[in-house]
Colleague: 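To start, I am sharing the structure in question, which I have written as structure tokens.
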Amino acid sequence: MRKYTPYIKKYWYNFILGPLFMVLEACGEFILPYINANIINKGAATGDIAYIVKNGIYMALIAIFMMITGILGANFSIRASTRLAAGIRSDLFGRIQKFSFSNIDDFTTGSLITRITNDITQVQNFAQTLLRGFFRSPVMLIGALVMSFMLSPKLAWVIFGIIPFLALSITIIIKLSSPRYAKMQKAIDNLNNRVGETITNEKVIKSFVREDYEIEKFSSVNSELVEKSTSALKIMLLLMPVSAFAINITTLAVVWFSGKPIMVGSMEIGTLTAFITYLTQILMALNFLAMIVLQGTRAAASDKRISAVMDAEIDITDENALFKDKEINHGSIEFKNVSFRYFKNNKDMVLKNISFSINKGELVGIIGSTGSGKTTLVSLIPRLYDADEGEILIDGINIKDYSLYNLREKISVVLQKNTLFSGTIPENLRWGNENATDEQLSKACEIAQADSFVRAFPDGYDTDVERGGANLSGGQRQRLCIARALLKSPKIIILDDSTSAVDTATDASIRKSFREQLQDTTKLIIAQRITSVCDADKIIVMDNGSIVGIGKHEELMTNCPAYTEIYYSQKDREEE
């Protein structure tokens, strides 16, 4: 809990007032039965109405006091726990924002969603239960024990006979449930991963008529969650029957041992009634403490998962950067013997000994077969991943010596998957520059060949974009993403197969605009079509993680067999 201290300090008064009012409420719990016993023993037995009324008023006032303090205690406890959860959630989300791609790969998206929602909710619920019962229950337990000894010391010892049994039962239940909660949270991870993947790819599923297949897969992970949840919760549910059994057995023992004293008149009915009430309070207090421990067991499993995210070593930082205030001014790029692997324990490299240089303002095409390492190559430039060997220089400076902000601020990347958000077109475009004017938006769209189709919409630039750009075609999404990237005024822009959904004429127009409007910007274009890169200043040909050719189109047609093979295979398909 030490790591939660900053959140507790911020709202300390809630964490103090909540338990305080709950303790005050508990004080009334063990006073009421005593007064009630006196009413039965002294008022009802003698017919003293005045005594009954007077003590009845005392009980009413205490009940009102308990109601007020109970409400205040619950209110402050809820405020404390929700603010605690909000603080943890905010910091956890901020931590995830600092993750590199490899960090996210280590946890998976579904698992991170579970940790920032369900796991934090478990901690919140535990904190609320703790504040409402951790101090209240011991006060009620001790107070009821003291009052029961005051009423009848002999009968009070009966209670101590059942406490060891209840304590042992609770210990066994906690020990059995703890590992099962961890498995249940992992099953929730799997469910979130399955749901996220299915909903994201709903169009693909429908186009291949695979709804039944996905329903079957979902049923599998859903059944797993049911199994793990049932396994964990059924152990926890044993607590109530065990507690009820303890209460009933102890009540029976009390009635048995008090029968003779009542018959001979040495014990009054009111005393027995109060004693049974105190007995119930004692066992309920023990039961509530057990519930706190059980809920704490589940929260502990969630806490470990939260801590795993908070304590994860972020492999890409700028802590050791030599020039944190340095900005990219030109955009020249140089790779020096760069090698990279995704799985660090794997000896096979995804990129092998890559070396090349790109001058400021050049338009460079990158081409190669699927899986040749093109996307991995460009992902290293803005440090979405870090190279395992070699170094990458921008403007002659190792990219690790720039701050991450200054490095990425001047590099725009349009990824293979075009992501747009719900909102208007300008709201999406201003991700590139939140202060961009309408004229700048229009200019960027003109370069990306998006202005004409945007203006053709009934609402023009005020058109609403559905989540993920679902109401736009693939080509329209690509062009808007390119326009958004241009609004950053980058020194380096990378298009990762970002014109695959547009026709060749539009593709050519985008490249033409790039040449004319972005002369001082270094442009890297990954493409599957040779026509998309054949007029580039330089073409990099990749195969199996290595560079097998660099040069202009004419040079590569002469001296690069891999390039000529791609060229003729595409030409043959066009002629068919």
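The chain is numbered in sequence order, starting from 1.
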Colleague: If I compare all heavy atoms of A448 with all of I482, which pair ends up nearest, and what's the gap?
Modeller: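 So the minimum-distance heavy-atom pair works out to CB-CG2, 3.8 Å.
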Colleague: So V465 and F421, do their side chains get closer than 4.5 Å, heavy atoms only?
Modeller: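 Result no, sub-4.5 Å side-chain heavy-atom pair not found.
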Colleague: Indicate yes or no: at least one non-hydrogen side-chain atom of K512 is less than 4.5 angstrom from one of Q449.
Modeller: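 Contact flag for K512/Q449 side chains = no.
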Colleague: Kindly say whether Y385 contributes a backbone atom to a donor-acceptor pair with the side chain of S379 at under 3.5 angstrom?
Modeller: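 Such a contact is absent between S379 side chain and Y385 backbone.
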Colleague: Could you pull out the closest heavy-atom pair between S302 and V123, with the gap in Å?
Modeller: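 That would be CB-CG2, 4.5 Å.
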Colleague: Hey, are the side chains of H553 and Y567 touching, using non-hydrogen atoms and a 4.5 Å cut-off?
Modeller: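 The answer is yes, as the side chains (C-beta and beyond) meet within the 4.5 Å cut-off.
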Colleague: Roughly how far, to the nearest 0.5 Å, is the CD1 atom of I411 from the CD1 atom of I493?
Modeller: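 Going from CD1 on I493 over to CD1 on I411, the span is 11.5 Å.
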Colleague: Test: salt bridge (Lys or Arg N to Asp or Glu O under 4.0 Å). Region: residues 525-543. Which pairs qualify, not counting sequence neighbours?
Modeller: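 For residues 525-543: E362-K538, D507-R529, R511-D535, R515-D537.
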Colleague: For S100 and N103, does a side-chain donor sit closer than 3.5 Å to a side-chain acceptor?
Modeller: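 The criterion, which ignores hydrogens and geometry beyond distance, is satisfied for N103 and S100.
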Colleague: Would you check, one step at a time, whether the test side-chain contact (heavy atoms from CB on, under 4.5 Å) holds for D451 with Y461?
Modeller: CA-CA 9 Å; D451 184 68; Y461 275 87; 2.6 Å; yes
Colleague: Search all heavy atoms of Q440 against all heavy atoms of N435 and return the closest pair with its distance.
Modeller: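 Between these two residues, the closest heavy atoms are OE1-O, 4.1 Å.
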Colleague: Tell me yes or no: between the side chains of S513 and E446, is some donor less than 3.5 Å from an acceptor?
Modeller: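 No, no side-chain donor-acceptor contact under 3.5 Å.
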Colleague: OH of Y4 to CD1 of I88: how many Å apart, nearest 0.5 Å?
Modeller: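 One gets 4.5 Å once the value is rounded to the nearest 0.5 Å.
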Colleague: Rounded at 0.5 Å granularity, tell me how far CD1 in I526 sits from CD1 in I366.
Modeller: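 Those atoms lie 5.0 Å apart.
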Colleague: Taking the side chain as everything from C-beta on, heavy atoms only, tell me whether Y563 gets closer than 4.5 Å to T558.
Modeller: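 Heavy-atom side-chain distance check fails, nothing below 4.5 Å.
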Colleague: Under a 3.5 Å distance rule, please check whether N544 uses its side chain to pair with a backbone N or O of S372 as donor and acceptor.
Modeller: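 Checked: no pair found.
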Colleague: Taking only residues two or more places apart in sequence, or in another chain, which ones meet R383 in a side chain to side chain contact (heavy atoms under 4.5 Å, CB included)?
Modeller: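 With neighbours one apart ignored, the set is I316, D386, I399, K400, L404, L407, R408.
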Colleague: Nearest 0.5 Å, please: how far is CD1 in I547 from CG in N353?
Modeller: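 Between N353 CG and I547 CD1, I get 9.5 Å after rounding to 0.5 Å.
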Colleague: Please identify each residue that fulfils side chain to side chain donor-acceptor pair (under 3.5 Å) with D318, with sequence neighbours left out.
Modeller: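 Checked D318 against side chain to side chain donor-acceptor pair (under 3.5 Å); zero matches.
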Colleague: Tell me, do K410 and I492 make a side-chain contact under 4.5 Å, heavy atoms counted?
Modeller: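 Result no, sub-4.5 Å side-chain heavy-atom pair not found.
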Colleague: Rounded to the nearest 0.5 Å, how far does CD1 of I116 lie from OG of S111?
Modeller: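 The OG atom of S111 sits 11.5 Å away from the CD1 atom of I116.
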Colleague: Is it the case that the side chain of S498 and the backbone of D496 share a donor-acceptor pair, with hydrogens and angles ignored and the cut-off at 3.5 Å?
Modeller: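 Side chain of S498 to backbone of D496, a donor-acceptor pair under 3.5 Å: yes, one is there.
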Colleague: Just so I know, are the side chains of L518 and L486 near enough to count as touching, which here means a heavy-atom distance under 4.5 Å?
Modeller: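 Yes, their side chains come closer than 4.5 Å.
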Colleague: How far apart are the closest heavy atoms of L441 and A436, and which atoms are they?
Modeller: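 So the two residues come closest at CD2-CB, 3.9 Å.
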Colleague: Quick check: does any side chain N or O of K523 sit under 3.5 Å from a backbone N or O of I494, one acting as donor and the other as acceptor?
Modeller: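 No; zero donor-acceptor contacts below 3.5 Å.
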Colleague: Could you tell me the separation between the OG1 atom of T521 and the NZ atom of K360, rounded to the nearest 0.5 Å?
Modeller: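 Between T521 OG1 and K360 NZ, I get 9.0 Å after rounding to 0.5 Å.
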Colleague: So with a 6.0 Å cut-off around NZ of K324, is the heavy-atom count from everything else above 12?
Modeller: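 Correct, the count exceeds 12.
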Colleague: Locate the shortest heavy-atom distance separating L480 from L420; write the atom from each residue and the value.
Modeller: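 Heavy atoms only, the tightest pair is CD1-CD1, 4.2 Å.
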Colleague: Does any pair with a residue in residues 480-491 pass salt bridge (Lys or Arg N to Asp or Glu O under 4.0 Å), and if so which ones, sequence neighbours excluded?
Modeller: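 Not a single pair qualifies under salt bridge (Lys or Arg N to Asp or Glu O under 4.0 Å).
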Colleague: According to salt bridge (Lys or Arg N to Asp or Glu O under 4.0 Å), does anything in residues 305-316 pair up with another residue at least two apart or in another chain? List the pairs.
Modeller: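 Those involving residues 305-316 are D119-R305, D189-R305.
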Colleague: Any side-chain heavy-atom pair from L351 and M542 closer than 4.5 angstrom?
Modeller: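 Yes, close enough: below the 4.5 Å cut-off.
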Colleague: Looking just at side-chain N and O atoms, do Y342 and D348 make a donor-acceptor pair shorter than 3.5 Å?
Modeller: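 No, no side-chain donor-acceptor pair sits under 3.5 Å.
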Colleague: Residues two or more places apart in sequence or in another chain: which of them pass side chain to side chain donor-acceptor pair (under 3.5 Å) with D388?
Modeller: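 Here the qualifying residues are K344.
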Colleague: Is any side-chain heavy atom of I394 less than 4.5 Å from a side-chain heavy atom of Y402?
Modeller: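 They are in side-chain contact.
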